[in-house]
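Reading through the structure tokens given below for one structure.
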Amino acid sequence: MIRVQLTSSGQKQGELLVVPVFSKEEPETEGLKAAVARRVRSFEGPKGWNADKDQVLSRELGGTAGAMARIYGLGKRSDFDADGLVVWLRRVVKESGQAGYQSVRIVLPKHDVTLDMAVAMSAYSAICLADYRFDRFRSTPGKTGVKSVRLVLSAEALAVFRKVARWSRELAAGVAAARDLGNTPPNEATPEWMAERCRELGRDYGMKVRVLTPSGLKRKKMGGILAVGEGSANPPRLVRMDWGTRGPIIALVGKGVTFDTGGISIKPAATMDEMKYDKCGACAVFGIARAAAALKLPFRFRAYLPLAENMPDGKAYRPGDIVRCYNGKTVEIMNTDAEGRMILADALSWAASEKPDVMLEYSTLTGATVVALGTGAAALYTPEDELAGDLLSAADRAGERLWRMPLWPEFGRAMKGNHGDLKNLGTRWGGANQAAAFLSEFVGDQQDWAHLDIAGGAYVGAGQAGTKGATGYGVPLTLLWLLSRAGKL
Ligand code: BES
Ligand code: MN
Ligand code: ZN
């Protein structure tokens, strides 16, 4: 992770100096030494230089040998926003690394958006994560880029950034942890391996960790997760972690299918490798847990991670099977590829039976949600308008796309079973909504609950723009939601 330091002035040798400029304005040189500021302002661009967005000017600063400055055009001030800031910072750090710099001093654009605490948090953590790579499986490690960034801020911005510095670093570490787990290939990241990571996390942060193995799951009559895990040589686990001694009880549930072949209702071959990301709900909960525990947020947390691998096999569960879940409801299996809802049925009903104040669940549950909202976004389902509003606003402030979807009764009706209470597959239309309606059968009388279908946001897959891999979706919005619930933000 890149080290970030906040400063209101100064200049060091061997650093790259990055100065932003809005179209038709002077470069922002407040805080720089007078001589340097004068020199930067005297730089003239080539023909056509208007400080448009993405226009860059590189010049020698003179004085100290080899010192360089880069002036980045940001386009029109009135078009600049939080997203523009984050994208720009990421780009600056990447390009500085490619140019061979280990340390870079970036003057923060003077703009109202930078004074918002949530924006500052996104900006700070984006810098921390700008060098994120998953290269544990590469024989030759990638080149190292920028190691440290000094942000030059106005007094006003400095106060804001100082306030969010620690939150931002833990957020970045939580996102990185979620990505690392998500990216880990399914031959290593088995249910037991994931459980071991949770035990480790528990040791590091003083959480109580309990891991149910198949025998424990049988004793608890958790037929959903047992059925899904039956076809795999890597038996299922259900992890329960808790920590925190004061405040409301917050339950976090995350789908952890370490690999989803579809089982007997097997998936097509194309992009099946991406089903290693089917554990990203659990990974998000892991990242949230890490950050929330590190920051000692004033809540009593409980995290539930159902972990299973969905494989076809002689012992695998099959269409037509009827299984009984933890809350006693029976489900007729119509499609073994609708496995996420089966493991969540047990985890959610266990979590709900322990009466939390609020329960959030994250899952790469349906392709239908990606059809509806596109990639990069997640669907929010909750019967509670206030909770919906809080989560949508947290997502908006965290720069994550979240969109509310309906829990209408017809979607529940579509999930009634022929010979069981429920079936795990509905009709052709509104698949994400039907899946959410199915889950709502397992929350008991819990009112404050939300389901986030993160299938579209959890990873960047083939054919999508950007660096491929797990994103850590959900960690930023949830940490923001927690901080504002704690009255800190
Ligand atoms: N893990 C998938 C959902 C998914 C699809 C996640 C694409 C990420 C990208 C889930 O288990 C699944 O297979 N869902 C089925 C449900 C269907 C059988 C009702 C789907 O979406 O096709
Ligand atoms: Mn599936
Ligand atoms: Zn799945």
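Here, residue 1 is the first one in the sequence, and each next residue gets the next number. As the structure lists them, so they are numbered: ligands from 1, and atoms in each ligand from 1.
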Problem - R179 charged N/C atom sitting above Y132 aromatic ring, 6.0 Å / 45° - result: yes

Completion exercise
To the Zn ion (ligand 3), the closest N, O or S atom belonging to D278 is OD2

Handout entry: Test: E230 and R318 ion pair at under 4.0 Å
Key = no

Exercise for the section: Would you check if there is a donor-acceptor pair between the side chains of S265 and D337 at a distance under 3.5 Å? Expected result: no

Completion exercise
Among the N/O/S atoms of E339, the Zn ion (ligand 3) lies closest to OE2

Problem - K255 and E361 ion-paired at < 4.0 Å - result: no

Handout entry: ring-ring contact (aromatic ring centres under 6.0 Å, His included) between Y205 and W243, worked out
Key = CA-CA 9 Å; Y205 291 95; W243 70 99; 9.2 Å; no

Practice task
Give a yes/no verdict on whether any heavy atom in E274 is under 4.0 Å from an atom of ligand 1.
Solution key: no

Exercise for the section: Look at ligand 1 and say whether M275 reaches it with a heavy atom at a distance under 4.0 Å. Expected result: yes

Practice task
Give the atoms of ligand 1, by number and element, whose distance to some non-hydrogen atom of K255 is under 4.0 Å.
Solution key: 1 (N), 10 (C), 11 (O)

Exercise for the section: Pull out every atom of ligand 1 sitting under 4.0 Å from any heavy atom of A455, numbered as shown with elements. Expected result: 6 (C), 8 (C)

Handout entry: R401 to W403, cation-pi by 6.0 Å centre distance and 45° axis angle
Key = no

Practice task
Give the residue, atom name and distance (to 0.1 Å) of the protein heavy atom nearest atom 10 (C) of ligand 1.
Solution key: L365 O, 3.3 Å

Problem - Close approach, R428 and ligand 1, non-hydrogen under 4.0 angstrom - result: no

Exercise for the section: May I ask you to check whether Y459 and T375 show a side-chain donor-acceptor distance below 3.5 Å? Expected result: no

Fill in the blank from the handout: For the Zn ion (ligand 3), the nearest N/O/S atom on D260 is atom OD2

Exercise for the section: Please write down residue, atom name and distance for the protein heavy atom closest to atom 9 (C) of ligand 1. Expected result: Y459 OH, 3.3 Å

Exercise for the section: May I ask you to check whether E339 brings an N, O or S atom to under 2.8 Å from the Mn ion (ligand 2)? Expected result: yes

Handout entry: Qualifying residue, where the test is salt bridge (Lys or Arg N to Asp or Glu O under 4.0 Å) with E441 and the options are K423, R341, K416
Key = K416

Exercise for the section: Verify the distance test for L365 against the Zn ion (ligand 3): any N/O/S atom under 2.8 Å, yes or no. Expected result: no

Fill in the blank from the handout: Among N, O or S atoms, D260 approaches the Mn ion (ligand 2) most closely through OD2

Fill in the blank from the handout: Nearest heavy-atom approach of A303 to V285 is CB-CG1, 3.7 Å

Problem - Numbering as shown, the atoms of ligand 1 that approach R341 to under 4.0 Å (heavy-atom distance) - result: 16 (C), 19 (C)

Exercise for the section: Between N424, T271, D337, flag the one that comes closest to atom 12 (C) of ligand 1 by a heavy atom. Expected result: D337

Practice task
Could you tell me whether atom 21 (O) of ligand 1 has at least one protein heavy atom nearer than 4.0 Å?
Solution key: yes

Practice task
Provide, to 0.1 Å, the distance between atom 19 (C) of ligand 1 and the closest protein heavy atom, together with that atom's residue and name.
Solution key: L425 CD1, 3.1 Å

Exercise for the section: Look at R136 together with E188 and state whether they make a salt bridge at an N to O cut-off of under 4.0 Å. Expected result: yes

